[in-house]
There are 2 protein chains.
Amino acid sequence: MSSDLTTGRLSVYLRCLNYLEQEGVETVSSQELAEKFHLNSAQIRKDLACFGEFGTRGVGYNVNRLKAQLVHTLGIDRKRNVLIVGAGNLGMALADYRGFNSTGFEIVALVDIDPEKAGRASRSGIPVKPYSRLAEVVRENAAEIGVIAVTPESAQEVHDALVAAGVLAILNFAPVQLRTQPRVKVKTVDLRINLESLSFFLKNIEDGTL
Amino acid sequence: MSSDLTTGRLSVYLRCLNYLEQEGVETVSSQELAEKFHLNSAQIRKDLACFGEFGTRGVGYNVNRLKAQLVHTLGIDRKRNVLIVGAGNLGMALADYRGFNSTGFEIVALVDIDPEKAGRASRSGIPVKPYSRLAEVVRENAAEIGVIAVTPESAQEVHDALVAAGVLAILNFAPVQLRTQPRVKVKTVDLRINLESLSFFLKNIEDGTL
DNA sequence: GCATGTGAATGGATTCACAGCT
DNA sequence: AGCTGTGAATCCATTCACATGC
């Protein structure tokens, strides 16, 4: 009934609603939402209808109530603990990244294979622990989400270690095709693929193909 | 004929081929590629056929030749210069990120609104310049790709400045719905949406819905 | 014989258009 | 009258299955 695409859009709607709330808007129709944020009104209605009847016919949606519904639907009405594996440039940046360390999520720790790094902390104070203690760290902090921010070479091993430690949701930044478990959800954010896609676009402009 | 999804997969194939090349494999069939990397053989063939007849019937694809073809198709057979806007945690990490600063791409500079930061450099030596000189920096370095690594509040302004400076491809890390130009390609990497999607998955496990 | 390249078939996701509620 | 919720229609992407060529 609801795919990854649908839930991705729920996040987008939630962001739009936050914005409208700040503006003091109390009620919004799918039309208005669509026009203001370049979406399709039918799709908004259909997406929302997947999870209940949130609107009022003839009126629209109550911003506060819809927001609360989406927060609940997305499961961020309670805190989820996040563990980052790899305290390199990327891992450290993610640990301190505002948009990452936000409503519903808390980065509880980083782990790194380099013993030098263990004991230190990120700029905002998130502690770095030894990779060897990964399973313990997951357990002690009740981490539910693992972030892979290591080299492509180690990514599979880290994935397996996270799964073995009981983590069921993983965000992977390593540019590799991971062998995954069916029970575990892995989302990969591949920066290189994004850049290559932009390069493809530029090339087509040059060639006059587009 | 070829969508964003298709070109994304070309990048994946390219990565697979790099791997096979290292392994010393000279020829590969769509079957073998599919099995080894969990893809669909018909899709591989169709994707590749979009851009020319790269294979030999009865034999398969020559790894080196196909790789070269893909590199050419993606437009990374020449260097593309990248400018990062925002020298905060994320911008700095991206500047030094291996997978980012790789074949076909070169980060030429960062710019930042904070005058304190101008004149410094990233750990790997990429210079930080004042935001006020953005257009100049784009011109002088022939930057083709802009990366937005600033706060959500400034993202639209930075987008507009990049477009005004002549940048036609933008990678956006700010969690906002940007108002874009049709001539300009914008790809957004939204970390929060990814986390929320994982949260949704976890919630469904808890609720036993899945 | 074997693997590509491709029309045809399937399967999803998006959009349309309207019935039904307020 | 106005807007939601939704079956029907459309569009796009993936997969199947085979004709074509090595």
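All chains are named by letter (A, B, ...) in the order of the sequence lines, taking the proteins before the strands, and each is independently numbered beginning at 1.
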The side chain to side chain donor-acceptor pair (under 3.5 Å) partners of Glu136(B) (sequence neighbours excluded) come to Arg133(B)
Contacts of Thr56(B) meeting side chain to side chain donor-acceptor pair (under 3.5 Å) (sequence neighbours excluded), chain-then-number -> none
Dump every N/O contact between nucleotides 8-12 of chain D and the protein below 3.5 Å, one line per pair.
unit_1 : atom_1 : unit_2   : atom_2 : d
dA8(D) : N6     : Lys46(A) : NZ     : 3.3

Sorted by number, residues from residues 24-43 of chain A placing a heavy atom under 4.0 Å from DNA chain C are Asn40(A), Ala42(A), Gln43(A)
Quick note, salt bridge (Lys or Arg N to Asp or Glu O under 4.0 Å) partners involving residues 73-89 of chain A, not counting sequence neighbours, are Arg78(A)-Glu144(A), Arg78(A)-Glu206(B), Lys79(A)-Glu106(A), Arg80(A)-Glu144(A), Arg80(A)-Glu206(B)
Contacts satisfying salt bridge (Lys or Arg N to Asp or Glu O under 4.0 Å) that involve residues 41-70 of chain A (not counting sequence neighbours) are Arg9(A)-Asp47(A), Glu21(A)-Lys67(A)
* Does Ser122(B) use its side chain to pair, donor to acceptor, with the backbone of Ile126(B) at less than 3.5 Å? -> yes
Heavy-atom donor-acceptor pair, Thr188(A) side chain to Asp190(A) backbone, under 3.5 Å:
no
Would you mind classifying the nucleic acid contact of Leu48(A) as base, sugar-phosphate or nothing, using non-hydrogen atoms under 4.0 angstrom? nothing
So, with a heavy-atom separation below 4.0 Å from DNA chain D, the residues of residues 57-75 of chain A are Arg57(A), Gly58(A), Val59(A), Gly60(A), Tyr61(A)
Atom CG of Asp4(A) and atom P of dA13(C) are separated, to the nearest Å, by 10 Å
note: Phe51(B), atom CZ; dT6(C), atom P; distance rounded to Å ~ 13 Å
Applying side chain to side chain contact (heavy atoms under 4.5 Å, CB included) to Gln22(B) and not counting sequence neighbours gives none
Donor-acceptor pairs are to be reported for all side-chain atoms of residues 176-183 of chain A against protein atoms at under 3.5 Å, with residues two or more places apart or in another chain.
none

Residues at least two apart in sequence or cross-chain that pass salt bridge (charged side-chain N to carboxylate O under 4.0 Å, His left out) with Glu23(A), listed by chain then number, are none
The ring-ring contact (aromatic ring centres under 6.0 Å, His included) partners of Phe54(A) (sequence neighbours excluded) come to none
The ring-ring contact (aromatic ring centres under 6.0 Å, His included) partners of Phe200(A) (sequence neighbours excluded) come to Phe51(B)
Considering just the side-chain nitrogens and oxygens of Arg45(B), establish if one lies under 4.0 Å of OP1 or OP2 belonging to dT15(D). no
Result for 5'-nearest mapping on DNA chain C, choosing between Thr56(A) and Asp47(A), is Asp47(A)
